Amino acid sequence: VSRIIPVEQFDLIIFGGTGDLARRKILPGLFKRFADGQVPEGSRIIGAARSEMDQAAFLTFAEEAVRDAEGDKIDATVLKDFLAILDYVAIDALGEEGWSALAEKMREGPVRAFYFSVGPSLFDDLARRLQQYDLVKPDTRIVVEKPFGHDLETARALNKVLSAHFDESQIYRIDHYLGKETVQNLMAVRFGNMLFEPLWNSQYIDHVQITVAETVGVGGRGGYYDKSGAMRDMVQNHLMQLLCLTAMEPPAKFDPDAVRDEKLKVIRALEPVEPHQIVRGQYDKTDSESNFRDDVENPSSKTESFVALKCHVGNWRWAGTPFYLRTGKRLEARDSEIIVVFKSTPHSIFGSDAGGGHNELRIQLQPDEGITLKVTIKEPGPGGMRLMDVPLDMSFAETLGEHADTPDAYERLIMDVIRGNQTLFMRDDEVEAAWAWTDPIIQGWEAVHDVPKPYDSYSQGPTDATLLMQRDGREWREIG
Ligand code: BG6
């Protein structure tokens, strides 16, 4: 039985088609879907950019992008066939150049999607030209990338720009974390099993830890990152989405608005975070590496590359159960996970020093995807009744064998755009609610000129983050 869900024939136009995201994610992702047989015959992918590239140069660009991502695994014939569905048009978002040429390439019939893989400052111009050249049909899809705004005000302005030209049902705001396989698995585990949902509340759950740790620094994105920081770059979007999926009520259906309504309620229920419940950090030198300030070329930068915070979802289900979120760059390991820590058993019949009694559900997003449930058993041996916690392990690679070839988030999300399924995309009100929660935190830092705590590169982060948990008698699970 084929696991591939067919999609309709499509024309996908990528503005910013010669950019970094197209090279790293979009083109390789499309290639993999093509190689898997999911791209129907007659579909086309049209790169559109200002670069002085011609068709041949774009094909070379795409070929290199695919080779970089896929290495030696590539079948030469498949690659050749893939390149044959690519096309290119040089276009100027701010002028007339290229638009008639693009209009001529458009066909009636296939699903049409425009991917805005460009900075948000170009959204308005692109939208206007699309309308001017009559390129948008009622079921045309518009895909937009993060950063979706810098704060609530700019996010609202972007939503206004988009809604002036398109219907919300046409807009696909990407948060690539929602395309990650294990993130979707979180929903499968919660709502596909009888086992967890009855316990999924503050009566049984002590706290939740969500960590997204990276080893990379800010790389070549210093200019952007120094104005952004971890709160805007990661917490407002990716960590918030993970929190929502963990905390939301069961939607009645796995359908776009049902799911997004429930996520929105979580964001709106978030209580404001007090300054003492949040720690900012900035990575510092180790012997051989640069520090954050070198990387962003700003010797007095007060931008954070790390955030740890404690928050509360103020509703009936979660009252009293804190959610601890943590993310940072240049940490000890690349390690992203959601850990649901259950309360200890109320009474140990084996005596208080027998051990055990600590259940924990760990949903590992990366590097290796998998789900582990820590359960208590008897320590083997003839001795007394000593208990130990052992993991019931479902590492996807081992358990699922050949089915474990987890697709990249972009593969999934782009195909969802073509299928017209918005479930894994953010709605306008969701994005705005997330900013409404984040803004006061950032404004608070700005008001007091808060200086982030330095932490050693490749460490567990600033000591204050450890203390944030210790004060509550809890502990972060180690990164790595
Ligand atoms: C991006 C951020 O959205 O997500 C980057 O802008 C970050 O700073 C990246 O490195 C992390 O994504 P992933 O999929 O590698 O965890």
Side-chain angles (χ1 to χ4, degrees), residues 16 19-26 28-29 32 68-69 115-120 143-151 154-155 172-186 210-243 245 280-283 292 295-296 301 303-307 325-338 363-370 406-414 424-426 430-431 434-435 438 442 452 457-458 461 479-480:
D20 186 55
L21 188 74
R23 186 178 58 77
R24 282 186 308 109
K25 295 289 182 185
I26 306 174
K32 284 196 70 180
D68 282 352
Y115 198 131
F116 289 13
S117 180
V118 296
V143 186
V144 298
E145 273 290 335
K146 64 163 287 210
F148 199 87
H150 186 72
D151 51 22
T154 46
Y172 292 73
R173 292 178 196 75
I174 290 206
D175 182 314
H176 76 283
Y177 267 61
L178 291 177
K180 288 184 191 279
E181 193 70 10
T182 324
V183 175
Q184 294 160 55
N185 228 316
L186 172 58
I210 301 179
T211 297
V212 177
E214 300 182 279
T215 50
V216 291
V218 298
R221 299 157 76 226
Y224 152 77
Y225 198 91
D226 196 28
K227 291 197 189 66
S228 166
M231 194 70 186
R232 291 187 169 99
D233 185 54
M234 297 294 289
V235 178
Q236 184 272 344
N237 39 64
H238 306 324
L239 276 88
M240 180 71 80
Q241 290 296 327
L242 300 180
L243 166 66
L245 297 177
R280 305 167 77 213
Q282 192 185 68
Y283 63 79
F292 180 85
D295 287 354
V296 299
S301 173
T303 305
E304 79 284 354
S305 61
F306 175 99
V307 174
L325 314 185
R326 168 175 67 158
T327 183
K329 296 201 181 285
R330 279 275 184 87
L331 292 172
E332 194 164 325
R334 174 168 154 87
D335 184 5
S336 303
E337 55 191 6
I338 300 167
I363 298 143
Q364 176 95 32
L365 272 57
Q366 46 203 28
D368 304 316
E369 311 189 294
T406 42
D408 183 74
Y410 277 88
E411 294 177 47
R412 164 74 200 245
L413 294 177
I414 297 171
L424 300 178
F425 298 84
M426 290 178 301
E430 221 183 310
V431 180
W435 280 119
T438 329
I442 297 173
S457 286
Y458 310 113
I479 297 170

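Just follow the structure's listing: the first ligand is 1, and inside any ligand the first atom is 1. Keep in mind that this is a model prediction, so the values were computed, not measured.
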- Message: For D408, give me all partners under salt bridge (Lys or Arg N to Asp or Glu O under 4.0 Å), at least two apart in sequence or on another chain.
- Response: K25

- Task: Spell out, as yes or no, whether a donor-acceptor pair under 3.5 Å connects the side chain of E145 to the backbone of S117.
- Result: no

N/O to N/O under 3.5 Å, ligand 1 against protein:
{"unit_1": "ligand 1", "atom_1": "3 (O)", "unit_2": "K146", "atom_2": "NZ", "d": "2.9"}
{"unit_1": "ligand 1", "atom_1": "3 (O)", "unit_2": "H238", "atom_2": "NE2", "d": "2.7"}
{"unit_1": "ligand 1", "atom_1": "6 (O)", "unit_2": "K146", "atom_2": "NZ", "d": "2.9"}
{"unit_1": "ligand 1", "atom_1": "6 (O)", "unit_2": "R221", "atom_2": "NH2", "d": "2.7"}
{"unit_1": "ligand 1", "atom_1": "6 (O)", "unit_2": "D233", "atom_2": "OD1", "d": "2.6"}
{"unit_1": "ligand 1", "atom_1": "6 (O)", "unit_2": "D233", "atom_2": "OD2", "d": "3.4"}
{"unit_1": "ligand 1", "atom_1": "8 (O)", "unit_2": "R221", "atom_2": "NH1", "d": "2.9"}
{"unit_1": "ligand 1", "atom_1": "8 (O)", "unit_2": "D233", "atom_2": "OD2", "d": "2.6"}
{"unit_1": "ligand 1", "atom_1": "8 (O)", "unit_2": "K329", "atom_2": "NZ", "d": "2.8"}
{"unit_1": "ligand 1", "atom_1": "10 (O)", "unit_2": "E214", "atom_2": "OE1", "d": "3.3"}
{"unit_1": "ligand 1", "atom_1": "10 (O)", "unit_2": "E214", "atom_2": "OE2", "d": "2.5"}
{"unit_1": "ligand 1", "atom_1": "10 (O)", "unit_2": "K329", "atom_2": "NZ", "d": "3.0"}
{"unit_1": "ligand 1", "atom_1": "12 (O)", "unit_2": "H176", "atom_2": "NE2", "d": "3.1"}
{"unit_1": "ligand 1", "atom_1": "14 (O)", "unit_2": "H176", "atom_2": "NE2", "d": "2.8"}
{"unit_1": "ligand 1", "atom_1": "14 (O)", "unit_2": "K180", "atom_2": "NZ", "d": "2.6"}
{"unit_1": "ligand 1", "atom_1": "15 (O)", "unit_2": "R334", "atom_2": "NH1", "d": "3.2"}
{"unit_1": "ligand 1", "atom_1": "16 (O)", "unit_2": "Y177", "atom_2": "OH", "d": "2.4"}
{"unit_1": "ligand 1", "atom_1": "16 (O)", "unit_2": "Q366", "atom_2": "NE2", "d": "2.7"}

- Message: Checking E214 now: which residues fulfil side chain to side chain donor-acceptor pair (under 3.5 Å) with it, not counting sequence neighbours?
- Response: K329

- So, S228 side chain and Y224 main chain: donor-acceptor pair closer than 3.5 Å or not? no

- Query: Does S457 reach the main-chain N or O of Y283 with its side chain, forming a donor-acceptor pair under 3.5 Å?
  - Reply: no

- Message: List the residues meeting salt bridge (Lys or Arg N to Asp or Glu O under 4.0 Å) with D295, not counting sequence neighbours, and say none if there are none.
- Response: R330

